[in-house]
Trainee: 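I have a structure here, written as structure tokens, and I will follow up with some questions on it.
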Amino acid sequence: ADTLTLEIFPSDKSSFELYEDDGLTSEHRNEVFATTRFAVNTSLDSKTIDITINKTNGDFKGSMMARTYLLNIRAKAEPKTVTIVDKKLKKCKTYNDFQKSEKGWYYNPTFRNGTIMIKTEKVYTDENRNVKVML
């Protein structure tokens, strides 16, 4: 649970709300749960993909205070740059390097017809995160 993988198919504007609870009790009936909203905006010329990972709202026993995000973005072109909160993310030369890295990005043109893979470092769930992909 401390690594969350998101499969992203960018097209105009889209969003998703993740719901989490302890998975064991009925406390969700007492509004003891958490939600996180994810939003994706693609520019009209399809050259920019903006992803917002909003802070988590709510709490439950065992909720994650920080987690790593893996973003798999379907794209037919390799990015020029990838930034998280306006800081440039390092490109990994191989998939093996990507798997071993704490954070970074890798483009695989053959995996699922083109996939940008982005790994964040462990980030606090009570903060918003913005990821920008420039194609």
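Position 1 is the first residue of the sequence, and the numbers go up from there. Values below: every heavy atom of this structure, side chains too, minus hydrogens, waters and symmetry copies.
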Trainee: Measure the CG-CD distance between Asp59 and Glu20 for me, rounded to the nearest 0.5 Å.
Mentor: 10.5 Å
Trainee: Considering only residues two or more places apart or on different chains, which pairs with a residue in residues 22-67 satisfy ring pair (Phe, Tyr, Trp, His ring centres under 6.0 Å)?
Mentor: Tyr19-Phe33
Trainee: Cut-off 3.5 Å, no hydrogens considered: what does the side-chain donor-acceptor table look like for residues 113-122, sequence neighbours left out?
Mentor:
residue	atom	partner	partner atom	Å
Thr115	OG1	Phe111	O	2.8
Lys119	NZ	Phe98	O	2.9
Lys119	NZ	Gln99	O	3.0
Lys119	NZ	Ser101	O	2.8
Thr120	OG1	Tyr69	N	2.9
Lys122	NZ	Asp2	OD2	3.2

Trainee: Are Ser15 and Val40 side-chain neighbours, meaning at least one heavy-atom pair lies under 4.5 Å?
Mentor: no
Trainee: Got Glu27 and Lys61 here, is their nearest side-chain heavy-atom distance under 4.5 Å?
Mentor: no
Trainee: Side-chain atoms of residues 46-57: list all donor-acceptor pairs with protein atoms under 3.5 Å, sequence neighbours left out, distances to 0.1 Å.
Mentor:
residue	atom	partner	partner atom	Å
Thr52	OG1	Asn130	OD1	3.1
Asn54	ND2	Arg37	O	2.9
Thr56	OG1	Thr36	OG1	2.8

Trainee: Going by the side chain to side chain contact (heavy atoms under 4.5 Å, CB included) test, name the single residue among Asn108, Thr5, Ile8 that passes it with Asn72.
Mentor: Thr5
Trainee: Counting neighbours of CG on Asp12 that are heavy atoms of other residues, nucleotides or ligands and sit closer than 6.0 Å, is the number greater than 12?
Mentor: no
Trainee: From Lys132 NZ over to Asn41 CG, what is the distance, rounded to the nearest 0.5 angstrom?
Mentor: 10.5 Å
Trainee: Regarding Asp22 and Thr25, do their side chains bring together a donor and an acceptor under 3.5 Å, going by distance alone?
Mentor: yes
Trainee: Considering all heavy atoms of both residues, which atom of Ile84 and which atom of Arg129 are nearest to each other, and what is their separation?
Mentor: CG2-CD, 4.4 Å
Trainee: With side chains defined as the heavy atoms from C-beta onward, is the minimum distance between Leu70 and Leu6 less than 4.5 Å?
Mentor: no
Trainee: Do Leu71 and Val131 have side-chain heavy atoms sitting under 4.5 Å apart?
Mentor: yes
Trainee: Is a side-chain N or O of Trp105 found less than 3.5 angstrom from the main chain of Leu89, in a donor-acceptor match?
Mentor: yes
Trainee: Of all the heavy-atom pairs spanning Leu135 and Pro79, show the shortest one and how long it is.
Mentor: CD2-CA, 3.9 Å
Trainee: Between Lys90 and Lys103, does a side-chain contact (heavy atoms from CB on, under 4.5 Å) hold up when you go through it step by step?
Mentor: CA-CA 8 Å; Lys90 181 183 174 195; Lys103 62 183 176 180; over 6 Å; no
Trainee: Which value, rounded to the nearest 0.5 Å, describes the distance between Leu4 atom CG and Arg67 atom CZ?
Mentor: 5.0 Å
Trainee: Determine whether Asp97 and Tyr95 make a side-chain contact, defined as any pair of heavy atoms from C-beta on separated by less than 4.5 Å.
Mentor: no
Trainee: Give the cluster check for Tyr106 versus Met134: same hydrophobic cluster or not, with ILVMFWY residues linked at side-chain heavy-atom distances below 4.5 Å.
Mentor: no
Trainee: Determine yes or no for a side-chain-to-main-chain donor-acceptor pair under 3.5 angstrom, with Tyr107 supplying the side chain and Lys76 the backbone.
Mentor: yes
Trainee: If you count the non-hydrogen atoms of other residues, nucleotides and ligands that lie under 6.0 Å from OH in Tyr124, is the total more than 12?
Mentor: no
Trainee: Are more than 12 heavy atoms, taken from residues, nucleotides or ligands other than Asp86, located less than 6.0 Å from that residue's CG atom?
Mentor: no
